[in-house]
Structure formats: C-alpha cells, structure tokens
Amino acid sequence: MGSFNIGEVSKGSKLLFDNAPWQVLEVNFVKPGKGNAFYKLRVINLLTGNTLEKTLRGGEKVESADVTDVDMQFLYADANGFVFMNTKDYEQITVPPRAVGDAKDFLLEQAEVAVTLWNGEPIAVRMPNSVVMEVEYTEPAVKGDTQSRVLKTAKLKGTGAEVQVPIFVAIGDKVKINTDTREYLGRV
Amino acid sequence: MLQGGANLDPGIAPFRLDGPGGPRWLPTSPEHPLKRLVAAGCGDVWALHPAFRAGERSRRHRPEFRMLEWYRVGWDDRRLLGEVVELLAELTGLDGPCTVLPWRQALERHAGVDPFTAGEDALAAALGADAAVVRGGDGRLDREAAADLLLATRVEPHLGRGEWTAITDYPPRLAAQARTRRDARGEPVAARFEIYRDGLELANGYWELTDAAELVARLDAERRTRADAPGRDARFEAAMAAGLPECAGVAVGFDRVVMLALGLADLGEAMAFPWERA
C-alpha cells in the first residue's frame with residue numbers, strides 16, 4: 001500500500017505503525033500560531049483492540065494499511081476456527097478463534113457480519129450492535145414482575161454464552177443483547 | 001480573493017487551484033490582498049473573509065474558516081494589541097485584564113524550561129513521550145520543534161485563564177511578516193503578539209515589516225523548505241517593494257471568537273457548513 005501525507009489522515013483512516021494495522025479514532029492538529037505543526041492521533045490497534053495516542057510532525061509520511069471489511073455469512077465452527085462465506089463470491093475462509101474473540105458468543109450460524117481483512121488475512125469479526133438470541137436455559141421466571149432490576153443468568157441457544165437478564169425472562173424467550181457490553185436490551 | 005502566489009508562513013499549507021493562465025492560491029489569511037491595499041494608499045483597511053489551510057483539522061481547526069483581519073496605518077503592535085483586546089471583550093462579553101507574557105517566559109513558567117539555554121535532556125524531559133517526535137534521524141533533538149510542541153501542548157492550555165493573555169516577543173524564526181526589535185535583554189525578538197482566552201488562540205498581530213528586501217528573503221527561505229515549491233505572489237511582493245506605510249495588522253479567528261462567546265465545544269458548530277459537511 002502507499003504512503004501519504006499525515007495532513008490527509010482523517011477519522012477512520014487505516015494506518016500501519018510498528019508492523020500492525022491501526023484505525024484512526026480521532027485526529028487533532030496542534031500548532032502554536034506559527035512554527036512547526038503536529039498531529040495528535042488517537043488510534044486503535046485492529047489486532048489487539050488497544051488504543052493509544054500518537055504524535056506526529058506535520059509533513060510526515062504515513063503508511064496506509066491494507067484493511068477492508070467484507071460482508072460474510074457464518075457457516076460453522078470446526079477444529080481450526082470459524083468458517084465464513086463471502087456473500088458476494090461465495091469463497092469460504094476460516095477465521096481463527098483469536099480473531100473472532102468475544103464475538104463468538106453471539107455468532108449464530110447463517111448470521112451475516114463484517115469480517116475485517118488485513119493483507120487478505122482475517123483479523124476481526126465486526127458484529128452488529130445488537131443481536132436477537134433465544135434463551136436456552138434460565139431459572140424459572142418470576143411472573144408479573146416486569147419492572148424488576150434484579151438480574152439472573154441466562155444461557156443462550158446456539159452459542160451457550162451466558163448473559164444477565166431480568167428475572168421475568170423465561171426459557172424460550174427471544175432477547176435482544178448488546179454485543180459490545182453484553183447488556184440485555186429487551187424481549188422481542 | 002485568490003492570489004497569484006502562496007502565503008508562506010511556517011507550518012501553514014495553502015490550497016492551490018489550477019486555472020487559465022496558471023495556478024492561483026486560496027488565501028491562508030487575507031494578509032496579502034489587504035497589504036496591497038494599504039501599500040496602494042487606502043489607509044486603514046479590514047476584511048471578514050474566508051481563509052483556507054490544508055491539513056488543519058481538530059476541535060479548534062477547520063481547513064476553511066473566517067478571518068477578521070485589519071490594518072492600522074501609523075500604529076505599532078502595542079497600540080493594536082489594546083484595540084484587539086477591547087474588541088474581543090465586547091464580542092465575547094468576557095472581561096478581565098490583559099497580561100503580556102513574552103514567549104520565552106511563557107515556556108519557562110508553564111513548561112519549566114528556557115528554550116534557548118536548556119540542555120537537550122531538560123527539553124526531552126519536559127516533552128516526555130513526545131520527545132521522540134522531535135528527534136532527527138541522528139537522534140538529536142530539534143530544539144525549535146521541541147519548543148513549538150511544548151508551547152502547543154504544555155503552555156497554551158494555561159493561557160487566558162480568567163484573563164486575556166498576550167504572548168509577545170517571539171523568536172525571530174517565528175517573526176513571519178513582523179519586524180524584529182531588541183527586548184530588554186538586548187535579544188532580537190519579533191514585534192508580534194498572539195492573544196489567548198481559555199487556552200484558545202484568538203488573534204495574531206504584527207508591527208508590520210516594511211523592509212521589502214528582508215520580507216522577500218524570509219519568504220524565499222520558507223519557500224526553500226517546501227517540497228511542492230509554492231509560487232511567488234509577485235504582485236504582493238511588488239506592492240511591498242513600492243512601499244508599505246508604517247502600520248500594524250492583526251488577524252482574528254472569527255469562528256473561534258464565536259466558539260468562545262457561545263461556549264461551543266467544536267469550531268464546526270460556529271459554521272453553517274464546516275469542512276465535513278461542505
């Protein structure tokens with residue numbers, strides 16, 4: 001991939017620093033009225049999720065990272081990882097568990113998600129903000145109490161992941177879960 | 001107000017436009033056309049005009065913004081400073097005194113280093129993790145860049161707290177188009193001021209350099225540092241050679257004044273169509 005001037009970097013740009021791909025979360029230009037200009041970037045490492053602040057000088061060249069998001073459908077998991085199919089060309093790829101990370105808890109077969117590729121290799125799975133999952137098991141529901149803030153554990157069908165739900169939720173209910181915070185958002 | 005050549009201020013990148021008869025440049029401030037008018041004998045002049053600076057983007061920067069700029073014939077920087085503070089106070093409704101703080105003392109007070117005498121280690125320590133950014137390939141610290149980064153990140157946040165702070169007596173390398181004079185220690189300094197409020201830079205003023213040969217030499221020196229070799233603003237340089245009357249000029253970031261007056265968090269909120277929605 002090419003290099004370009006730091007002045008062209010914007011929020012969302014994918015850059016290569018220390019042999020890792022980073023996404024720019026925030027760009028801040030800092031300069032005393034005249035004189036040398038600097039850029040303070042807040043960047044997130046697309047491999048580890050770590051964020052850091054990076055200062056660069058105006059006029060510096062930065063390397064762009066070959067990072068793309070591809071729409072894929074999750075097919076099944078096997079011993080090597082998670083098998084996805086590109087919804088455009090039907091090519092299949094195996095995404096290693098490390099790259100799937102916590103997304104595996106909400107990844108149902110047939111689900112359509114974005115897989116992030118770096119130099120063609122899968123490095124992350126981008127889930128929608130929320131998913132609807134069926135409750136496979138939870139303690140019996142406390143009927144009538146729909147206002148309760150008291151939570152109990154529920155096991156989700158398909159992935160076996162556990163989340164916290166209000167005590168009125170029953171086995172077989174479909175619940176909406178925030179994939180980032182794992183919070184219960186409501187019954188569907 | 002397109003220009004036949006580029007503004008050449010350190011660290012400021014102009015936009016170039018290609019058209020019939022050769023390129024033109026968007027003004028990074030209306031300085032060149034206004035000084036052409038002053039040189040032509042128009043007397044005091046002012047403009048509230050869009051200005052354009054490639055690559056400037058932050059909570060307090062946009063590549064396009066509005067500049068309120070004016071020139072006072074026969075005035076010097078000190079007299080103009082008083083007028084600018086008066087206007088800023090009226091526009092923002094903010095009061096408080098104006099404290100004058102020379103550039104060197106500002107760094108001593110708020111960054112804890114004398115930018116001229118401090119050793120490389122002391123400068124690097126003041127910068128912390130940012131020191132790596134201003135080291136050259138040979139590992140040596142770029143002292144000028146270090147001072148600029150300290151001013152932007154360690155000093156500016158403290159300026160203009162409950163008052164107007166005017167940074168003055170810039171080192172000659174940061175004189176831009178201001179004349180230089182000797183300070184109380186006998187050191188050459190630029191007759192230039194910047195006014196801050198709440199850590200926000202609002203205005204930049206000069207007692208204007210009228211020595212055209214010196215001005216062109218400074219522009220040429222800056223041009224040599226540019227990889228894209230921006231064009232010479234020949235008509236501006238001719239006007240300066242014909243003679244700029246003794247005058248002082250100031251550029252006020254108008255959107256920043258609006259930002260300050262209304263307590264806005266982002267400069268774009270002071271604009272109808274900022275860069276990202278242009």
Side-chain angles (χ1 to χ4, degrees), chain A residues 1-65 67-69 126 129, chain B residues 9-13 53-63 103 106-107 127-135 142 144-153 155-156 167 170-171 173-178 190 192-196 201-205 222 225-228 251 253 275-276:
Chain A
M1 292 294 276
S3 66
F4 53 104
N5 191 291
I6 176 70
E8 295 163 38
V9 169
S10 63
K11 187 173 164 182
S13 295
K14 317 282 200 313
L15 305 177
L16 200 63
F17 294 127
D18 305 325
N19 296 317
W22 299 76
Q23 183 168 333
V24 177
L25 301 175
E26 202 180 314
V27 184
N28 265 307
F29 179 77
V30 281
K31 184 169 75 68
K34 302 274 183 273
N36 292 277
F38 300 90
Y39 289 83
K40 280 196 175 288
L41 307 183
R42 209 158 59 77
V43 291
I44 182 166
N45 186 316
L46 293 172
L47 299 178
T48 65
N50 290 339
T51 60
L52 64 83
E53 195 173 77
K54 227 177 148 53
T55 308
L56 292 124
R57 283 183 79 158
E60 252 184 79
K61 296 278 183 210
V62 286
E63 290 290 318
S64 62
V67 173
T68 48
D69 283 339
R126 294 230 334 261
N129 293 336
Chain B
D9 280 322
I12 297 178
R53 298 180 176 187
E56 302 202 358
R57 182 67 203 280
S58 80
R59 195 175 67 73
R60 46 181 64 177
H61 295 86
R62 286 297 187 280
W103 182 85
L107 281 156
L127 281 165
D130 281 346
V133 181
V134 292
R135 284 192 196 283
D142 176 342
E144 295 181 350
D148 292 349
L149 187 53
L150 283 172
L151 193 84
T153 60
V155 178
E156 285 190 350
I167 301 292
Y170 283 81
R173 71 176 172 91
L174 298 175
Q177 297 194 17
R192 177 183 155 209
F193 62 81
E194 291 210 352
I195 303 172
Y196 289 82
E201 182 214 330
L202 296 164
N204 174 43
E222 177 60 27
T225 68
R226 309 272 177 126
D228 57 345
W275 179 260
E276 62 277 17

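The chains referred to below are lettered A, B, ... by the order of the sequence lines, with proteins before strands, and numbering in each begins at 1. The basis for the numbers below is simple: all heavy atoms, side chains too, and nothing from hydrogens, waters or symmetry mates.
- Using a 4.5 Å heavy-atom threshold, the side chains of A:Arg57 and B:Asp142 count as touching.
- Counting non-hydrogen atoms of other residues, nucleotides and ligands closer than 6.0 Å to CZ of A:Arg126 gives a total of 12 or fewer.
- Interface remark: A:Lys54 contributes no atoms to any contact with chain B (heavy atom separation under 4.5 Å).
- Counting non-hydrogen atoms of other residues, nucleotides and ligands closer than 6.0 Å to CG of A:Asn129 gives a total of 12 or fewer.
- Proximity to chain A involves both the backbone and the side chain of B:Val134, based on heavy atoms less than 4.5 angstrom apart.
- Contact of B:Glu56 with chain A is made through backbone and side chain together, with heavy-atom distances under 4.5 Å.
- Only the side chain of B:Arg173 comes within contact range of chain A, with at least one heavy atom under 4.5 Å from a heavy atom of that chain.
- Considering all non-hydrogen atoms of both residues, B:Gly11 and A:Ala37 come closest at O-CB, 4.0 Å.
- Only the side chain of B:Ala176 comes within contact range of chain A, with heavy atoms under 4.5 Å apart.
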**Derivation of the side-chain contact (heavy atoms from CB on, under 4.5 Å) call for A:Lys40 and B:Thr153** = CA-CA 10 Å; A:Lys40 280 196 175 288; B:Thr153 60; 3.7 Å; yes
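- For chain A, the option among B:Leu149, B:Leu174, B:Asp130 with the highest count of heavy-atom pairs below 4.5 Å is B:Leu149.
- Between B:His61 and A:Phe29, the shortest heavy-atom contact is CE1-O, 3.3 Å.
- Put simply, the side chain of A:Lys34 reaches to within 4.5 Å of the side chain of B:Ile12, judged on heavy atoms.
- Not a single donor-acceptor pair under 3.5 Å links the side chain of B:Asp148 to the backbone N or O of A:Gly35.
- The nearest pair of heavy atoms linking B:Ser58 to A:Asn28 is CB-OD1, 3.0 Å.
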